2 protein chains.
Amino acid sequence: MGTKVSKSGDDATEVRRKEIVDAAASLFASKGIASTTMRDIAAHIGKTPGILYYHFKSKDDLLLAVHQRAEDWGEEIFASANKTDRDPWHNLEEASISHLQALLGRPDYAAIVGGRMPPKGTELRRNLVNIRDRWEQVFRDLIDKLPLKSDEDKKFLRMALLGALNHSAVWYRPDKDDPDVIAKQIVDLIRYRMSP
Amino acid sequence: MGTKVSKSGDDATEVRRKEIVDAAASLFASKGIASTTMRDIAAHIGKTPGILYYHFKSKDDLLLAVHQRAEDWGEEIFASANKTDRDPWHNLEEASISHLQALLGRPDYAAIVGGRMPPKGTELRRNLVNIRDRWEQVFRDLIDKLPLKSDEDKKFLRMALLGALNHSAVWYRPDKDDPDVIAKQIVDLIRYRMSP
DNA sequence: GTCTATAAGAAGATAGAC
DNA sequence: GTCTATCTTCTTATAGAC
């Protein structure tokens, strides 16, 4: 929806674009955006920098594509969490699990959640803020449905939950920890406190 | 201890170094390390880049100085939290408050906590990891004294707590929120769950 | 101590060959 | 579509004047 404006559905082109976005997302997440060069990205798929400028207008444009894909993921999470339509705490737990699976397994998603923002006033920044806001909205909606006293409680819970979840990317070890277990533990930590 | 090796205690020099570290820390925290240039730092104190290379060997050296100052802060927090020697949950709360005050009010501290690590294998990285480990030790020690069942619980609690605390830097608004209140709320969120 | 000037290199981006 | 070659700009860092 609204993502494909140009490049009229060429298949090979789409595959190549996806490959580039994958590489960029992976490097952005691991080295940081500013420290990742176009040469790095091209080398990562065994190509030269020229190819990047055939498929994307600029580095900012490429970064934007990474964000857009992460946003799509956010919407999927939202949809699946709402589909179940059970008790709201259970839905939040489901979304947290999906969120953590994506964060720990998908570099593009991790790049968004952990990445720093570009300077204020730039066009890129406005775009990214919009995307990130819509993404946070997923959790805002889920938490709104919880039986809590005040809006202040809700805001605070959202921040603490996202903070604890996102921080797991720092200490997570693929072969030792399980994203599902981590997410459940974190939600439980808060759940029984807020609604015993 | 072990910090002043060269520059035999010259007073004016120390003041200047401190001013530079302040500026660097502030910019590192707000724009990110890679996006902050030596020109930025010099301009921030109304000077030219040359001055930085008189007081520091390189950008990495300057970054290291920022980390070292943040580490000192960590040790101070640790000392003050241990001095009270009351119930361990209370000590943890005190440390969390100090931590958040520093995180939200001191750019050098924020630069460390939020900053990305340099590439593996570099000398700088080894230095920073050492410093960050010692800093995390502050919380590890405090949490070790809590009456919890398993070591797994302790590790998990430490990660969730630090995640929730550090994430507040993202949404904190100086004129609306109070660091002390935020820290207390976050500790309470976990405290009553783990030891009712 | 701090400045100016500048070297040496890296990064984003483009042009044109293939 | 992709590569090579290159331009321009920006960055770290140094040298030497003051």
Side-chain angles (χ1 to χ4, degrees), chain A residues 4 6-25 27-28 30-66 111 115-116 118-119 122-125 127-128, chain B residues 4 6-25 27-28 30-66 115-116 118-119 122-125 127:
Chain A
K4 292 167 190 166
S6 56
K7 301 290 169 210
S8 58
D10 184 332
D11 212 24
T13 297
E14 280 305 313
V15 169
R16 179 63 78 198
R17 276 180 64 100
K18 186 181 177 312
E19 188 185 11
I20 292 171
V21 172
D22 278 341
L27 290 168
F28 286 162
S30 66
K31 307 201 324 173
I33 294 161
S35 310
T36 300
T37 70
M38 297 299 261
R39 283 169 177 79
D40 290 338
I41 298 168
H44 200 256
I45 59 170
K47 295 277 176 297
T48 57
I51 193 178
L52 303 179
Y53 292 94
Y54 176 80
H55 293 278
F56 298 90
K57 215 188 87 191
S58 65
K59 186 181 180 183
D60 282 357
D61 191 37
L62 179 48
L63 176 58
L64 198 58
V66 173
R116 291 245 165 206
T122 60
E123 179 78 17
L124 176 64
R125 166 114 177 187
N127 279 324
L128 298 193
Chain B
K4 293 167 189 167
S6 56
K7 299 291 171 208
S8 60
D10 184 332
D11 212 26
T13 297
E14 279 307 313
V15 170
R16 179 65 77 198
R17 278 179 64 99
K18 186 182 178 310
E19 188 185 11
I20 292 171
V21 172
D22 278 342
L27 291 168
F28 286 161
S30 66
K31 306 200 325 174
I33 293 162
S35 311
T36 299
T37 69
M38 296 299 258
R39 278 174 177 76
D40 290 338
I41 298 168
H44 201 257
I45 58 170
K47 296 278 178 294
T48 56
I51 193 176
L52 303 179
Y53 292 93
Y54 175 80
H55 292 277
F56 297 90
K57 216 188 89 190
S58 66
K59 187 181 179 182
D60 282 357
D61 191 38
L62 179 49
L63 176 58
L64 198 57
V66 173
R116 291 245 166 208
T122 60
E123 178 76 17
L124 176 65
R125 167 115 176 187
N127 279 323

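Chain A is the first sequence line, chain B the second, and so forth, proteins listed ahead of strands; every chain is numbered from 1. Here the structure is a predicted model, which means the values were calculated and not measured.
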> Quick check: does any side chain N or O of B/Asp40 sit under 3.5 Å from a backbone N or O of B/Thr37, one acting as donor and the other as acceptor?
Replying inline: yes
> Can any side-chain N or O of A/Lys59 pair as donor or acceptor with the backbone N or O of A/Thr36 at less than 3.5 Å?
Replying inline: yes
Within the 4.5 Å heavy-atom criterion, are [X] and [Y] side-chain neighbours or not?
{"X": "A/Leu63", "Y": "A/Leu128", "answer": "yes"}
{"X": "B/Asn127", "Y": "B/Glu123", "answer": "yes"}
{"X": "B/Leu62", "Y": "B/Ile41", "answer": "yes"}
{"X": "B/Val21", "Y": "B/Phe56", "answer": "yes"}

> Does the side chain of B/Ser58 come under 3.5 Å of the side chain of B/Asp61 through a donor N or O and an acceptor N or O?
Replying inline: no
> Reading DNA chain C 5' to 3', which nucleotide is the first, and which the last, to come under 4.0 Å of any heavy atom in chain B?
Replying inline: C/dG1 to C/dT4
> Reading nucleotides 9-14 of chain D from the 5' end, what letters show protein touch, with B for base, S for backbone sugar-phosphate only, - for no heavy atom under 4.0 Å?
Replying inline: --BBBB
